[in-house]
Every structure is written in structure tokens, then in C-alpha cells.
Q: 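The structure follows.
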Number of protein chains: 2
Amino acid sequence: MSLSGIFPIDRWNFTTQSILNVLSEQDYSDLVANQSDLKYLKGDVVFREGSVPAGIFLIRSGKVKKYKVDSLAKEQIIYVANHEELIGYHAVLSGERYPDSAAAIEDSLISFIPKEDFISILHRSPAFTQRLLKALSHEFTVLTNSISVIAQRTATERLAIALIVLREKYKDEDSDVQDIILNISRMDLANMVGIAQENVIRLLKEFKEEGIVETDGRKIWIKDIKRLIKKSNYK
Amino acid sequence: MSLSGIFPIDRWNFTTQSILNVLSEQDYSDLVANQSDLKYLKGDVVFREGSVPAGIFLIRSGKVKKYKVDSLAKEQIIYVANHEELIGYHAVLSGERYPDSAAAIEDSLISFIPKEDFISILHRSPAFTQRLLKALSHEFTVLTNSISVIAQRTATERLAIALIVLREKYKDEDSDVQDIILNISRMDLANMVGIAQENVIRLLKEFKEEGIVETDGRKIWIKDIKRLIKKSNYK
DNA sequence: TTTAAAAACTGATAAATATCAGCTTCTGCG
DNA sequence: CGCAGAAGCTGATATTTATCAGTTTTTAAA
């Protein structure tokens with residue numbers, strides 16, 4: 001799962017994608033018995049920091065950003081969740097309010113599962129519980145990684161890392177196209193990397209001049225992943 | 001548990017301190033049956049990033065920093081664990097190598113519990129598993145918080161927050177002294193806050209001139225927690 | 001108690017990043 | 001299609017933070 005044999009991409013992704021695989025057919029159908037499917041348009045909020053969780057969300061298709069909003073209205077994106085990922089379950093498990101918010105960054109189809117059903121399956125299936133423990137522990141690795149990078153790396157390195165991670169998320173499984181197109185705003189990029197939006201633009205320009213990326217309007221093509229990894233200065 | 005009714009201190013602390021309370025007497029004694037107590041001197045490494053976990057650690061007394069070392073040998077402190085806290089269990093649960101390192105920041109007494117015993121109790125006690133799920137979910141809140149603050153706040157605000165959080169950890173439960181003394185090096189502070197050590201010193205000087213802290217050699221007294229919270233600009 | 005190493009501290013300067021104001025280009029909607 | 005609002009872009013400047021090259025103080029070991 002290592003990208004180009006150098007960049008440890010698995011340290012940047014949660015593994016919630018396969019969580020539900022450990023459920024028996026019966027357990028799975030019980031879990032989703034009362035689910036409701038909802039369409040979210042780009043920008044729509046799924047849940048908001050500080051509110052009380054009523055259940056968990058399973059992303060059927062699309063992409064969702066998890067973020068915190070600072071007192072000064074500055075947004076920090078913590079993670080971008082992909083299709084098949086589970087979100088919003090931490091707060092249910094810890095019995096707290098949501099510590100972050102979630103919003104669709106592209107049109108998404110998301111199933112809502114009431115927390116009672118989630119908890120009931122959790123009590124019934126030790127395998128599911130074990131799988132969740134494993135997933136949460138892996139998340140710890142991912143967040144730990146993020147803290148260290150945000151605190152210690154330069155803006156250029158951080159942007160490079162963000163692009164590498166996003167490339168993986170935007171890679172369509174069944175196509176072998178080399179140039180992956182990222183469909184993400186400069187603003188969202190800035191909020192992932194923790195720098196000003198203007199600086200994202202300037203750094204992208206730099207990458208463009210070096211042939212690492214190409215842009216057309218708001219689209220971003222990754223042209224040279226090898227040099228992007230070099231830019232990221234990873235390990 | 002809210003500090004001065006303003007600063008949400010619980011968002012900065014893991015809740016592993018009470019994890020073992022849910023165990024029955026039998027389970028607890030089985031868990032610690034093969035434990036070995038070890039003394040760690042200030043600076044001693046407990047485990048190192050990248051190594052394979054053989055068990056978990058229970059801090060009996062003292063304080064331990066969890067940190068990542070960057071490629072350029074820069075250290076980022078992720079968390080400071082206090083007595084009664086459990087560390088090193090994520091890697092056991094996720095089946096990965098340690099994603100971070102741990103080292104004593106003061107002389108500590110730490111019990112090592114073999115991973116087989118930990119996992120066996122985990123399988124035996126659903127209450128323990130639930131408690132761990134809860135703890136891990138809460139950790140998610142704490143790390144999320146850290147990411148947002150490190151990425152978005154100024155050095156002054158971050159240092160203020162670090163001091164508030166440390167004050168809580170250095171507060172002796174059975175004394176009602178107002179001035180809490182922090183026993184932490186400027187370097188460790190710098191590595192928590194993600195700024196240069198020289199700037200920690202300059203900011204501390206500023207705080208000193210404003211009567212918020214006092215220092216004597218490497219000791220730091222928190223004199224005015226209210227103004228420190230104001231400095232942190234929290235919420 | 002002396003002393004060498006480590007940690008704390010200082011001022012000057014360099015580098016990185018943010019902010020601001022304005023301009024241009026996209027994009028979706030009537 | 002045309003148009004308004006949003007997003008992208010640019011250059012100048014301000015601000016923040018890091019780096020460097022020391023000096024002083026503290027600590028712990030001989």
C-alpha cells in the first residue's frame with residue numbers, strides 16, 4: 001500500500017473503508033435496517049461541531065471534509081473522508097458532542113444510521129468492536145502524523161503532502177490514468193495545509209513552473225508524482 | 001471539569017486515567033499478573049517510533065512525553081501523559097509499529113504489561129473494550145483540537161494554551177496551592193508548541209513582565225491563570 | 001567546592017508567511 | 001447568451017517566526 005515505495009500513504013488514511021466487512025449478513029442488515037439515504041450537495045453540512053450526535057454516517061459516494069472552525073472563523077480541515085468511510089462515530093462512542101464538523105466537498109450520497117442500531121450491533125458483535133478499536137488506533141497514527149507535519153514542516157512541504165494524499169483519494173480505482181485530477185478549491189487546500197489561500201496559489205504556480213502539476217481553472221492535474229514526493233521532502 | 005468555567009481543559013486530556021476501574025478484581029489481577037515495574041530516569045526512552053510493541057505501559061508515577069521525531073531531528077511533542085495513564089496500547093490494538101516515541105520527562109515508575117495479557121482481558125471483558133473505545137474516541141477529540149490550534153493560532157496563544165494544560169497536569173491533587181510550578185525544560189515547551197526554543201524564552205519573558213508567570217532557573221510558576229487564559233484567546 | 005556541560009537567555013538579522021487591495025477569470029443561473 | 005458572484009490570481013508590504021552567534025546561568029558530577 002506504499003506509494004511509489006517511498007511515501008507511507010497508509011499513514012494518511014483511515015481504514016474505516018472496510019470496517020463493515022467484518023459483520024455477518026444478519027448483523028449488517030440489522031445495522032442498516034433503519035438507515036436513511038440522503039443526498040448532500042457540494043458544500044452541504046453533514047454535522048456541526050458542538051451538536052449532539054443522533055447516529056453515524058456512511059458515505060456511499062462522494063467526499064466529505066472533517067474540519068474545525070476557529071474562533072476567528074478560520075477553518076482547519078482535519079481529514080477528507082472518501083466513499084465507503086464511516087464518519088461521526090467518535091462522538092457516539094465517547095458520549096460527547098461532535099468535536100468537529102463535516103461537510104460535502106463534492107455531491108455525496110450518505111446513509112444515516114441511528115445510534116441505537118450502531119450501539120446494539122456493537123454490543124452484539126465482538127468482531128465489530130475489535131475492528132473499530134483497530135480503526136480508531138490507526139486514526140491515532142494518522143492524526144499524530146498530521147500534528148507533527150503541520151507543526152514542523154514548511155508550507156511547500158505541507159502542500160506537497162496534501163496533494164499526494166488527495167491524489168490517492170481522487171484516484172479512480174478502475175482507471176489507470178496517470179494524471180489524476182483533483183477537484184478541490186484553493187480555499188479547501190489552504191484550510192487543509194493551514195496557510196493562506198494566496199500562498200496556496202503562489203506555491204501551485206511554483207509547482208506548475210516545475211512541471212509537477214498543471215491547472216485549468218480550478219482543476220489541478222498531478223503530472224509528476226515522483227517530483228511531488230521529492231518536494232514533500234518525506235523521510 | 002472546566003477550568004475557570006472558560007477553558008475546556010477536558011478537551012486537552014485523555015481519559016485513560018480511569019480506564020482500569022471498569023475491570024473486576026479478578027480481571028485486574030490477571031492483567032497485572034505478569035507485569036514488571038521499571039524505573040525510568042528523566043530523559044529515558046520508554047518506547048521508540050517504528051519498533052514493534054510487546055505490550056502496554058501503565059504509568060504508576062511521573063510524567064511521560066509522547067513525541068515524533070522529524071527527519072531533520074526536530075521533535076514534536078504530541079501529548080504529555082500523567083500518572084495512572086496507559087500508553088503504548090494503540091500500536092498493540094492496530095497491529096502496527098509504534099507511530100510515536102515515549103520518554104520520561106521526570107523520574108517515573110512504569111509497569112510493563114505483556115500484550116498477550118492485555119489482549120486476553122480485552123477479549124474477556126466487554127466493559128473494558130467499551131471503555132477503551134470511549135477513551136480512543138476522546139483522544140480523537142484531543143488530537144483534533146491540537147491540529148486546529150497548531151495550524152491556526154499564533155505562537156503566543158499556543159504557548160499560553162500549553163501552559164494552561166501543563167498547569168493542570170502539574171497540579172498536585174491534595175494541595176490547594178495557587179501557584180503551580182511546572183518542571184519542564186524550555187526545549188520541551190518549544191517542542192510542544194512547535195516553535196523555536198528562543199521564542200519560548202522571549203514569550204515567557206513577556207508573560208513575566210505582565211505578571212502572568214514567574215521563573216527561577218528552569219522552574220516556571222503560573223501566577224495568574226485568568227490572564228493566561230485571556231492570553232490564550234480561547235473561544 | 002570546583003568545574004564542565006547543559007540549559008537559559010539576548011540581540012541582530014534573515015526567512016517565511018500573512019495581509020491587503022485590486023484585478024481577472026471562471027461558473028452557474030436567468 | 002449575458003451577467004453577477006464566486007473563485008482565482010497578483011504585487012506590495014507588514015508581521016511573525018526562525019536562525020545565528022554569542023553570553024550568562026544553572027546543574028550535576030568529580
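So that the names make sense, note that chain A is the first sequence line, chain B the second, and so on, each numbered from 1.
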Q: Which ones in residues 185-193 of chain B lie close to DNA chain C, meaning a heavy atom under 4.0 Å from one of its atoms?
A: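 Under 4.0 Å from DNA chain C: B/Ser185, B/Arg186, B/Met187.
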Q: For a quick test of reading the model: is some side-chain N or O of A/Lys205 closer than 4.0 Å to OP1 or OP2 of D/dC9?
A: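 Indeed not, no polar side-chain atom of A/Lys205 lies that close.
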Q: In terms of the nearest nucleotide of DNA chain C, which residue is placed more toward the 5' end: B/Ile184 or A/Lys74?
A: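 Its nearest nucleotide being more 5', the pick is B/Ile184.
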Q: Check residues 40-56 of chain A and write down every donor-acceptor pair under 3.5 Å in which the side-chain atom is one partner and the other belongs to a residue at least two apart or another chain.
A:
from    : atom 1 : to      : atom 2 : distance (Å)
A/Asp44 : OD2    : A/Leu41 : N      : 2.7
A/Glu49 : OE2    : A/Lys68 : NZ     : 3.3
A/Ser51 : OG     : A/Arg48 : O      : 2.7

Q: Is a side-chain donor-acceptor pair under 3.5 Å present for B/Asp37 with B/Gln35?
A: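 B/Gln35 vs B/Asp37: donor-acceptor pair found between side chains.
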Q: Within residues 194-204 of chain B, find the residues that approach DNA chain C with a heavy atom at under 4.0 Å, and present them sorted by residue number.
A: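 Residues of residues 194-204 of chain B under 4.0 Å from DNA chain C: B/Gln197, B/Glu198, B/Ile201, B/Arg202.
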Q: Whether B/Glu84 and B/Arg60 form a salt bridge (side-chain N of Lys/Arg under 4.0 Å from carboxylate O of Asp/Glu) is what I want to check.
A: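 Result for this pair is no, no salt bridge flagged.
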Q: For A/Ile220 and D/dG8, give me the distance from atom CD1 to atom C1', rounded to whole Å.
A: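 After rounding, the gap between these two atoms is 11 Å.
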Q: Does a donor on one side chain sit under 3.5 Å from an acceptor on the other, for B/Thr215 and B/Lys208?
A: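 Their side chains do contain a donor-acceptor pair, which is all the 3.5 Å distance test asks for.
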Q: Run the salt bridge (Lys or Arg N to Asp or Glu O under 4.0 Å) test on B/Arg186 and B/Glu198 for me, step by step, so that the C-alpha distance in whole Å, both residues' side-chain angles and the decisive distance to 0.1 Å come before the verdict.
A: CA-CA 8 Å; B/Arg186 308 293 190 268; B/Glu198 292 95 323; over 6 Å; no
Q: Give the rounded distance in Å between these two atoms: NZ of B/Lys42 and C1' of D/dT26.
A: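 So the NZ-C1' distance, B/Lys42 to D/dT26, works out to 12 Å.
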Q: Without hydrogens or angle criteria, can the side chains of A/Glu139 and A/His90 be said to hold a donor-acceptor pair below 3.5 Å?
A: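 Present: a donor and an acceptor within the cut-off.
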Q: State, without any angle test, whether B/Asn191 and B/Lys65 hold a side-chain donor-acceptor pair at a distance under 3.5 Å.
A: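 Result is no, nothing qualifies.
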Q: Assign the ring pair B/Tyr234 / B/Trp12 to parallel, tilted or perpendicular, where the plane angle (0 to 90°) is split at 30° and 60°.
A: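 Plane angle over 60°, so perpendicular.
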Q: Could you give me the CA-CA distance, side-chain angles and deciding distance for B/Leu182 and B/Lys219, then say whether side-chain contact (heavy atoms from CB on, under 4.5 Å) is met?
A: CA-CA 6 Å; B/Leu182 310 186; B/Lys219 289 196 183 83; over 6 Å; no
Q: Do you know the tightest heavy-atom contact between B/Val213 and B/Leu204?
A: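 Looking at all heavy atoms of both residues, the closest pair is CG2-O, 3.9 Å.
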Q: So which of residues 144-163 of chain B are in contact with DNA chain C, with a heavy-atom cut-off of under 4.0 Å?
A: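 Residues of residues 144-163 of chain B that come under 4.0 Å of DNA chain C do not exist, since none gets that close.
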Q: Answer yes if the side chains of A/Lys66 and A/Ser101 hold a donor-acceptor pair under 3.5 Å, and no otherwise.
A: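 Checked: A/Lys66/A/Ser101 side chains show no N/O donor-acceptor pair below 3.5 Å.
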Q: Are B/Gln152 and A/Asp70 linked by a side-chain donor-acceptor pair shorter than 3.5 Å?
A: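 No, no side-chain donor-acceptor contact under 3.5 Å.
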Q: Just jot down the ring-ring contact (aromatic ring centres under 6.0 Å, His included) partners of B/His138, sequence neighbours excluded, or say none.
A: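 ring-ring contact (aromatic ring centres under 6.0 Å, His included) list for B/His138, sorted by chain: empty.
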Q: I'd like the 5' and 3' limits of the part of DNA chain C contacted by chain A, with heavy-atom contacts below 4.0 Å.
A: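 Range of nucleotides within reach of chain A: C/dT17 to C/dT27.
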